[in-house]
Amino acid sequence: MIRMIHQRGRPWFRSGNTWVKGFAFYDDTLYSGKAFADLAMHAGPELVDMLPRLRGEFALAHQESNGSYVLAVDRIRSIPLFYSTHPEPAVSDDVDLLASDSAIPEPNDHLKLAFLLQGTTLGNGTLRPGIKQVRAGEAVRLTADGANSTYYFSLAQRRDDLAGLSEDELTRRGTAVIESSFERMLQTAPGPCVVPLSGGLDSRLVAAMLCRHGKKDTVCFSYGDSSSFEAGSSKAVAENLGLQWEFVDYSHAKWNAWASSPEFRTYSDFASQHCAIEHEQDWPAVRQLNRLGVIDEQAMFVPGHSGDFLAGSHLPEAAFGNSHQGAVTDWIMQKYMTQWPTSHVD
């Protein structure tokens, strides 16, 4: 059973027994909507082999003639996809829907503790035992006997491919990747771009690259305290680039009102999906700019949040080498399992 219910942003499209959401470049040709669904459907048994050649933001689910399923998301898991195997295989973009369709138990103490420690669940788990998520760069084959997965994309392998290259060559390749990424992205932008612009280098790079590629209808925005360094830097960057800049003031009183609103609860349920704490800080600003008509209905958001994190720059050498597993585990615990103070971690 495949049931997709979230049509916000990019909607789901179906072709035969194949559902897709988002877009992908395949052999330098852009596929989206029904055309993307047709491409995945016609791939048939070769669908998993096709995944490494896809570039884009997507989730897909394909039901084979024998009743099994093939599930996949893109390399950064930009669109969540969930599945369960009991009492029968089921796929959805909503954890609550899967839980309501089967006898899924409530979260146990281990799941709760892991979530409190790092703000996300571990591995492919969710807070609902028996419901799993498809991880970044992963393909899952789901049958009545269970689930088997494989990674069609590996960051560690890409890093090994670059080993030994000079700094000049790495810079050249990195620049080429950024250029091609923006060229592809702008092919998918039906209207203006919107950039949450902070004082950091990630969002500054995004804004500058959009200008470099002629996207002068870009809207930049910042929020928080108008006297902060972030706000001042954001405004200066936007003005220097000749881009529209908007600011939304935040305060404790406003946050109390926002956090207690029905709209925020709806957003939280949609974005967290029982596997992560939702990204909260941009939500009030986007809500306000939407109400003021600043954001075009066809606008594409292009955030720079932690671009270096997605590239793996936060990982130590031990994560890629042959270091003792205990050393890597200790590093993970010290860096990421610190959201909730406790000594009860084994």
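Position 1 is the first residue of the sequence, and the numbers go up from there.
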Do the non-hydrogen side-chain atoms of [X] and [Y] ever get within less than 4.5 Å of each other?
X    : Y    : result
D94  : F82  : no
F25  : Q187 : yes
T85  : K132 : no
V73  : E138 : no
L170 : D168 : no

Are side-chain N/O atoms of [X] and [Y] paired as donor and acceptor at under 3.5 Å?
X    : Y    : result
Y152 : R75  : no
D225 : S227 : yes
H274 : T126 : no
E230 : S228 : no
S198 : S234 : no

Checklist entry - Which ILVMFWY residues are connected to M300, directly or by a chain of links, through side-chain heavy atoms under 4.5 Å apart? => result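 When side chains under 4.5 Å apart are linked, the cluster holding M300 also contains I178, F182, M185, L186, V195, L197, L205, V206, M209, L210, V237, L241, L243, V302.
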
Item to check | Hydrophobic cluster of L111, others only, ordered by chain and residue number, side-chain cut-off 4.5 Å | outcome: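 Its cluster mates, by chain and number, are F115, L127, I277.
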
Whether over 12 other heavy atoms sit under 6.0 Å from [X] [atom1]:
X    : atom1 : result
E167 : CD    : no
D109 : CG    : no
R212 : CZ    : no

Checklist entry - By side chain to side chain donor-acceptor pair (under 3.5 Å), which residues pair with N256, not counting sequence neighbours? => result none

Checklist entry - Does H279 have any ring-ring contact (aromatic ring centres under 6.0 Å, His included) partners at least two apart in sequence or in another chain, and if so, which? => result H305

Checklist entry - With F270, which residues qualify under ring-ring contact (aromatic ring centres under 6.0 Å, His included), at least two apart? => result H6

Checklist entry - Where do H62 and Y69 land on the side-chain contact (heavy atoms from CB on, under 4.5 Å) test, with the steps shown first? => result CA-CA 6 Å; H62 170 70; Y69 300 86; over 6 Å; no

Item to check | Any pair counted as ring-ring contact (aromatic ring centres under 6.0 Å, His included), so long as it reaches residues 208-250, sequence neighbours left out | outcome: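 Pairs touching residues 208-250 that pass the test: Y223-Y250, W245-F247, Y250-W255, Y250-W258.
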
Quick one: pull up [atom1] in [X] and [atom2] in [Y] and give me the separation to the nearest 0.5 Å.
X    : Y    : atom1 : atom2 : result
K112 : L117 : NZ    : CG    : 14.0 Å
L81  : F58  : CG    : CZ    : 11.0 Å
C275 : Q133 : SG    : CD    : 4.5 Å

Next on the checklist: Checking D74 against R55 for the salt bridge (charged side-chain N to carboxylate O under 4.0 Å, His left out) test, could you report, in this order, the C-alpha distance in whole Å, the side-chain angles of both residues, the deciding distance, and whether it holds?
Outcome noted: CA-CA 8 Å; D74 60 54; R55 304 284 191 278; over 6 Å; no

Checklist entry - Counting distance only, does the side-chain N/O of D93 pair as donor-acceptor with the main-chain N or O of I5 below 3.5 Å? => result yes

Item to check | Check: T121 side chain, G125 main-chain N or O, donor-acceptor pair, under 3.5 Å | outcome: yes

Checklist entry - What's the verdict on side-chain hydrogen bond (donor to acceptor under 3.5 Å, both in side chains) for R135 and Y151, showing C-alpha distance, side-chain angles and the deciding distance? => result CA-CA 9 Å; R135 293 168 288 191; Y151 285 103; 3.2 Å; yes

Taking side-chain contact (heavy atoms from CB on, under 4.5 Å) as the test, write out the residues that go with [X], two or more places apart.
X    : answer
N66  : E64, S68
I79  : K21, A59
S261 : E263, F264, W283
V294 : V219, Q244, E246, L289, L292

Checklist entry - Does anything in residues 35-47 pair up under side-chain hydrogen bond (donor to acceptor under 3.5 Å, both in side chains), and if so which pairs, sequence neighbours excluded? => result S15-D38, K34-D38

Checklist entry - What salt bridge (charged side-chain N to carboxylate O under 4.0 Å, His left out) pairs are there with at least one residue in residues 117-129, not counting sequence neighbours? => result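 Non-adjacent pairs meeting salt bridge (charged side-chain N to carboxylate O under 4.0 Å, His left out): E106-R128.
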
Next on the checklist: One pair to check against side-chain contact (heavy atoms from CB on, under 4.5 Å): L30 and F36. What are the steps and the verdict?
Outcome noted: CA-CA 8 Å; L30 173 62; F36 185 19; over 6 Å; no

Checklist entry - Passes side-chain contact (heavy atoms from CB on, under 4.5 Å), S100 versus D96? Steps please. => result CA-CA 6 Å; S100 66; D96 285 326; over 6 Å; no

